[in-house]
Amino acid sequence: MEMLHRANFGLVLRLAIAGAAAMLGAQQPAPDLILSNGKIITVDERFAIAQAVAIQGDRIIGVGSNQEMAQLAGTNTQRIDLKGRAVIPGLIDNHMHLLRAATTWLQELRFDGVESRKLAIKMLRARAQSVGPGQWVYNVGGWAHQQFVDDPKPFTREELDRIAPDNPVALQESYYQVFLNSRALEALGIEANVPDPQGFVPGSILRDARGRPTGVIRGDIPATRAVATRLPKVAPEQLEASSRALVQDMNRAGLTTVGVPGCNADVLEIFQKWKAQGQINVRIFCIDGIVAGTPEQVDQALLQIPRIKLFQGDSSMDNIFFGESVYGPLHDPMFALKSAPKPDQLHEWRRVAMEIAKAGLPLHVHAELHDTIDAFLDQIEAVNQEHPIKSLRWTLAHVNQISAPQIERMKKLGMYAAVHPWAEINGAILHEEFGDGAYDMPPLATIQNSGIQWGLGTDGTAANQYLPFTTLYFAVTGKMVGGAKVNRQSIGREDALIAHTRKNAYLVFQENNLGSIQPGKLADLLVLDRDYLTVPADQIRNIRPVITMVGGRIVYDAGVAAPTATGPWHPSPIRGNIF
Ligand SMILES: [Zn+2]
């Protein structure tokens with residue numbers, strides 16, 4: 001690593017000499033903080049590399065060489081010596097169910113990025129011990145057993161009974177299946193040779209030849225959700241602590257901004273409180289709408305849509321899209337091979353979409369399977385004839401099965417693609433289901449080469465894992481968590497980083513504030529433990545921020561004792577590297 005750092009430093013110097021400093025006008029007050037001696041990967045339009053960055057209040061006021069930034073310093077300017085470390089803009093996930101996750105986060109035992117089954121079992125034992133007998137140990141997605149390198153096999157009921165005999169255990173793999181132990185089956189009322197309890201999808205409770213439940217619940221979103229909705233959420237008085245632990249985990253992973261489908265009102269209230277206190281550590285941009293599942297509900301929705309007001313917030317919190325569903329029955333499941341949208345359903349879909357366009361609202365809609373994307377584009381082309389959508393940033397989300405002709409249709413309409421590679425954890429399952437077709441799900445290189453405006457996200461924290469460096473690793477190597485090659489459409493590191501920063505800033509309507517390290521933009525950035533641009537590709541998933549900054553405030557500092565989900569939490573003060 002030391003060798004790498006030294007080599008990079010030479011590169012930094014050469015690039016810095018080539019580029020001129022960028023800064024705001026000379027009338028600016030002196031910076032509060034200067035980060036210098038680094039490799040500042042600005043992700044601006046030229047993908048320029050600099051040595052130093054100057055920050056005043058919550059914004060960047062200068063980017064350039066050490067010397068140029070030093071000239072801006074005043075008597076009260078603090079300094080951080082980056083010691084050659086790489087700095088990138090704060091990472092943006094354009095679509096993660098962040099606020100929903102807060103309702104369970106403190107209770108969940110997450111396996112995101114855990115590549116050892118042995119370690120997962122150790123974590124299970126420790127959690128069972130810490131919560132005590134009778135208490136649930138569970139997670140709601142974010143992993144799949146094929147990510148375990150040492151022993152990639154599912155959990156059995158008997159095994160989970162041995163690991164945690166006194167606790168109900170529920171482990172949900174993405175939205176594919178849930179593993180339960182005997183205590184959990186008992187708690188959920190699932191018994192041998194007795195009809196399934198109400199609310200479970202018929203056939204989803206797997207049983208052996210003697211009618212005994214195996215502990216596996218399988219069958220896409222509705223089947224797995226039947227278990228998830230029966231698990232205890234965090235208590236109302238714990239919701240703020242849970243939200244705080246979640247935000248800190250996001251900061252630790254390198255996320256500073258999230259597009260959030262379905263902004264739960266109770267969690268949103270907590271963010272509003274933090275905002276009033278100047279303590280928003282993750283910017284949230286809500287994607288919310290009206291869920292209509294019948295023609296009658298569509299009638300109701302059509303009355304409400306003209307009253308929806310977006311863009312009433314600011315660069316820390318706002319409502320930006322109608323989404324992520326237009327008409328419930330046309331919401332694609334995750335593991336279906338094919339869809340067959342019906343004309344009467346599409347008629348309802350178009351009625352809602354027409355009203356959204358008429359109201360001048362941006363739309364961000366879940367669209368996954370090839371025939372669904374085709375059918376939606378048919379409707380949108382018709383809507384566009386009556387109410388042009390060109391300036392509304394209409395976005396198709398997920399798009400794992402999108403084709404080149406569909407991308408061309410979207411480009412003509414002035415649409416965008418929010419790409420969420422579920423294959424990061426589901427790659428092996430997708431290969432079982434789709435064969436070699438899974439190698440192109442999603443067709444990242446096709447999307448990148450088309451020139452369409454697009455950005456990377458995860459659709460975490462249930463459908464997918466949430467760690468952004470895992471997403472960048474997937475994009476660059478085509479490998480899922482654990483290292484199996486599952487995608488043949490990998491893209492370059494620079495393009496992947498742009499898609500997780502600057503292009504996503506556009507996808508959350510914040511291109512003037514976020515997405516690159518440039519004068520005038522908000523000071524959201526990450527100081528990395530190794531250089532994203534030069535580290536071996538297989539190590540990209542292991543990159544972690546040593547400092548995460550949001551609006552000029554250090555919100556995560558690896559120099560402080562490792563944060564725990566339940567421990568006390570304070571934004572870390574500037575420490576360590578100041579001279
Ligand atoms: Zn979705």
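Both counts, for ligands and for their atoms, begin at 1 and track the order of listing.
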Asks: Please give me the protein atoms (N, O or S only) lying under 2.8 Å from the Zn ion (ligand 1), ordered by chain and number.
Replies: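 Less than 2.8 Å away from the Zn ion (ligand 1) sit Glu324 OE1, His366 ND1, His398 NE2.
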Asks: State, to 0.1 Å, how close Pro154 and Arg117 come at their nearest heavy-atom pair, and which atoms those are.
Replies: O-NH2, 2.9 Å
Asks: Sequence neighbours excluded, which residues qualify as side-chain contact (heavy atoms from CB on, under 4.5 Å) partners of Arg488?
Replies: Tyr439, Asp440
Asks: Checking side-chain polar atoms at under 3.5 Å, does Asp371 have a donor or acceptor matched by the opposite partner on Ser339?
Replies: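 Looking only at side-chain atoms, Ser339 and Asp371 do not form any donor-acceptor pair under 3.5 Å.
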Asks: Just grab all the salt bridge (Lys or Arg N to Asp or Glu O under 4.0 Å) pairs involving residues 344-366, residues at least two apart or on different chains.
Replies: Asp299-Arg351, Glu348-Arg351
Asks: Against the six-membered ring of Phe469, is Arg544 placed for a cation-pi contact (under 6.0 Å from the centre, within 45° of the normal)?
Replies: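 Relative to the ring axis of Phe469, which defines the angle, Arg544 lies outside at least one limit.
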Asks: Which residues pass the side-chain contact (heavy atoms from CB on, under 4.5 Å) test with Thr294, sequence neighbours left out?
Replies: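 Thr294 satisfies side-chain contact (heavy atoms from CB on, under 4.5 Å) with Glu296, Gln297 only.
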